[in-house]
Amino acid sequence: MQASRIGNLVEKFVNTDQAKQIHCQILVGNLHNLEPLLVRQILKCAAHYSARTTHYVRSILRCMRIRDAFSASCTIRYLSQLGQFRDALALYSESHASGIFPNTFAVSSALKSCARILCKSGGLMIHGQVQKLGFCEVVFVQTALLDFYSKLGDMVVAHKVFDEIRERNVVSWNSLLGGYVKCGKLAMAQSVFDEMPERDVVSWNSMISGYTRAKDMEQAYELFRRMPQRSSASWNAMVTGYIECGKMELARSFFDAMPERNNVSYITMISAYSKCGNVECARELYDQRSEKDLLLYNAMIACYAQNSRAKDALQLFDQLLKQNTKFQPDKMTLSSAISACSQLGDSEHGAWIESYMKEMGIAMDDHLTTSLIDLHTKCGDIDKARELFNGLQSRDLVAYTAMILGCGINGRAKEAIGLFDEMIDSGMVPNVVTFTGILSAYSHVGMVEEGYHCLMSMQRHGVGPTPDHYSIVVDLLGKSGRVEEAYELIKSMGSVAPHAGVWGALLRACSLHGNVEVAEIAASKCFELEPDSSGYRSLLAGIYAAAGRWEDADRLRRGVEEKGLVKIPGSSWIQ
DNA sequence: GTAGGGTTAG
C-alpha cells in the first residue's frame with residue numbers, strides 16, 4: 001500500500017477499530033521507512049483523539065522503527081502536546097538510548113514534559129545534554145529551560161537562565177513572570193511586569209492570576225479593567241479568583257457577563273458549584289453547554305460523585321461510553337466512576353471498570369489506586385485493598401485514610417491503628433476524615449477506652465473534633481452501657497454544638513439499656529433539632545413501652561401518625 | 001507562556 005494512501009486513511013480514522021486496521025496494514029505492508037511527512041500526518045490525526053488511539057500510533061511508530069531524529073522529535077512533540085508527558089519522556093530516552101541525537105524540538109518538548117509532571121531529575125539531565133549538544137543559545141530551548149525551572153519553583157536558576165537569553169521575546173518574559181506568580185512572589189512578579197519591554201494578553205493574565213491567588217481581588221480587578229484587550233483566560237481568571245474568595249455570586253455575574261464562554265469557564269463554575277453542594281446549578285450549566293469535551297464530562301461526573309449522587313454519576317459515565325465515540329474516559333473519569341461504584345457497593349460495575357482499564361491500557365496512578373482501595377474495602381475484599389495499598393508509589397493522606405476506613409469497616413482495628421501510627425511516624429498530619437476512620441475502627445470492635453482517648457487526642461494533632469466524631473464515641477460508650485458517661489461527654493462539647501446525630505446516638509444507647517431519664521433529654525434535643533424526623537419519636541415511644549409507660553408511648557405514636565399524614569402530600573394518592 | 005477535571009466520611 002502506498003504511503004500516501006495510508007495517509008488519506010489515517011486522516012479519516014475516527015475510532016480505534018480503524019486505527020487498528022491501519023496498524024495491521026502497515027504491518028502487512030512492512031513499511032519500515034514511512035516518509036517523515038506521513039509520520040507527521042499520522043501524529044496530527046492522533047492529536048485529535050484519545051489516549052487509546054495514541055497507544056496505537058505509538059505501536060505504529062514502534063513497528064516503523066523510528067531511526068531518524070525527525071520522526072522521533074515529531075512524536076515527542078505530539079505526545080507532549082497531547083498531555084502524555086510520561087510517554088513523551090519515555091520516547092525521548094528510548095530514542096536517545098538507541099543513538100538518535102535529539103534536535104531542538106525534541107529537547108524543548110521533553111523539557112516541557114518534565115516541567116508539567118515536575119520531573120526534576122529528567123529536566124536536569126536534559127539541561128546537561130543541552131550544554132553538550134550546543135543548544136544553549138537557541139531561544140526555544142532556553143525558554144523551555146526557563147519554564148522548567150519556573151515550574152519547579154527554582155526562581156534563582158530560572159532567572160539565571162533568563163539573564164543568559166540574548167534575544168528575549170515576550171514568551172521568555174512571560175515564563176519568568178509566570179514563575180514568580182506561581183511561587184507567590186508577587187512583588188517580584190510585579191517588578192518583572194513593570195520592566196517588560198512589551199506585554200501581551202498572557203502577561204496581563206498572569207499578573208491577574210497572581211493577584212487572584214493572593215485573594216487580592218481589588219488589584220486583580222484593577223488590572224482587568226486596565227488591560228488593553230481581554231481573552232477568555234482573563235475572564236476565567238477573574239471567575240476563579242472570586243470563587244476562591246468564596247464569592248459565588250460575583251463569580252457567577254462575571255461568568256454571565258463574559259462575551260464568550262468556553263469549556264474552561266463552564267468547568268470552573270461547575271466544579272465550584274460541586275464544592276458547595278449545588279448540584280442543580282452545576283447540571284444546569286452542564287446542559288447549557290453544547291460543545292462538550294472530556295473535561296466537561298469529567299467535571300459533571302465528579303460533581304455527582306462528590307455529592308453522593310452515585311447513580312447519576314454512573315448514568316452519565318455510561319452515556320459517555322455509549323454516545324461519545326469521540327472521547328474515551330481517562331484516569332479522572334474513572335476515579336470518579338469508581339468512587340460512585342464504591343458508594344453504591346457495586347462491585348460488579350467496579351470490576352467491569354477495572355477490566356476496561358486493563359483492556360484500554362490505562363495505567364494506574366495513585367489517585368486511581370486510592371479509589372480502587374476504597375472500592376475493594378467497601379466490597380469486603382480487604383486483602384485486595386491492602387495489596388493495592390502496598391503497591392502505591394507514595395502513600396498520601398487520602399490513601400492512608402481510605403485504608404484506615406477500610407480496615408475499620410471490616411473489623412480490623414489493629415491494622416487500622418498500625419496504619420495510623422505509621423502515618424503519624426512518617427510526619428503526615430491526619431485530618432477530620434482520618435479520625436472518622438480510626439474512631440469507627442475502635443467502635444467496630446468495641447474498644448471503648450481507646451476510642452475515648454483518641455477523641456481526646458485530636459486537639460493535640462491539630463484537628464478539632466466535629467459533632468460526627470463525638471457521635472461515634474457517644475455511640476461507642478452507649479453500646480457498652482456507659483450511658484451516663486456518654487451524656488457527660490455531650491455536655492462537655494462546649495463550642496462544638498451537638499447535632500441530632502449526637503443526641504440520636506445517645507438515644508439509641510438509652511433504648512439499648514432502658515434509660516428513660518436520659519432518653520427524655522436526648523429525645524427532646526432530637527425533636528428540637530430535627531422536628532420533621534419521626535424516627536426519634538418512635539425510638540422514644542419504644543423506650544416508654546419497654547418501661548411499661550404505655551400511655552406515653554401511645555401519645556408519641558399518635559403524634560407520629562399525625563405528622564406522617566401531614567408529610568405525605570405530593571405523592572400519587574392525592575389523585 | 002495565561003484560565004479547567006480525579007481519590008478518603010456523613
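So you know, we letter chains A, B, ... as the sequences are listed, proteins then strands, and number each from 1.
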Whole angstrom value for the distance that separates [atom2] of [N] from [atom1] of [X]:
X	N	atom1	atom2	answer
A/D330	B/dT7	CG	P	13 Å
A/I301	B/dT7	CD1	P	11 Å
A/I438	B/dT8	CD1	P	19 Å
A/M364	B/dG6	CE	C1'	14 Å
A/Y286	B/dG4	OH	C1'	15 Å
A/L296	B/dG4	CG	C1'	10 Å
A/R261	B/dA3	CZ	C1'	15 Å
A/L392	B/dT8	CG	P	14 Å

**Prompt:** Under 30°, 30 to 60°, or over 60°: which ring-plane class applies to A/F105 and A/F140, parallel, tilted or perpendicular?
**Reply:**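 Tilted, since the angle between the ring planes falls between 30° and 60°.
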**Request:** Kindly assign one of parallel, tilted or perpendicular to the pair A/Y242 and A/F254, based on the angle between their ring planes and the thresholds 30° and 60°.
**Result:**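 Aromatic pair A/Y242/A/F254 classed tilted.
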I want to verify a distance call: between [options], whose nearest atom is closest to the [X] side chain?
X	options	result
A/S231	B/dT2, B/dT8, B/dG6	B/dT2
A/M332	B/dT2, B/dA3, B/dG6	B/dG6
A/V202	B/dG4, B/dT2, B/dT8	B/dT2
A/N205	B/dT8, B/dG10, B/dT2	B/dT2
A/V264	B/dA9, B/dG4, B/dG6	B/dG4
A/S336	B/dT7, B/dA9, B/dG4	B/dT7

Record whether the side chain of [X] comes under 3.5 Å of the base of [N] through a donor-acceptor pair of N or O atoms.
X	N	value
A/N307	B/dG10	no
A/N262	B/dG4	no
A/S335	B/dG6	yes
A/T370	B/dT7	yes

Pair [X]-[Y], side-chain donor/acceptor within less than 3.5 Å:
X	Y	answer
A/R508	A/Y536	no
A/T434	A/T401	yes
A/S339	A/D374	no

At under 4.0 Å between heavy atoms, what does [X] touch on the DNA or RNA strands: base, sugar-phosphate, or nothing?
X	result
A/D293	base
A/S265	nothing
A/I338	nothing
A/A302	sugar-phosphate
A/D374	sugar-phosphate

Distance check: side-chain N/O of [X] vs OP1/OP2 of [N], anything under 4.0 Å?
X	N	result
A/K275	B/dG4	no
A/Q306	B/dT8	no
A/R213	B/dA3	yes
A/S339	B/dT8	yes
A/K378	B/dA9	yes

**Message:** Check whether A/D366 reaches the backbone of A/T369 with its side chain - one donor and one acceptor, N or O, closer than 3.5 Å.
**Reply:**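 No: the side chain of A/D366 does not pair with the backbone of A/T369.
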**Message:** Check whether A/Y286 forms a cation-pi arrangement with A/K292 (NZ or CZ under 6.0 Å from the six-membered ring centre, at most 45° off the ring normal).
**Reply:**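 Yes, A/K292 and A/Y286 form such a contact.
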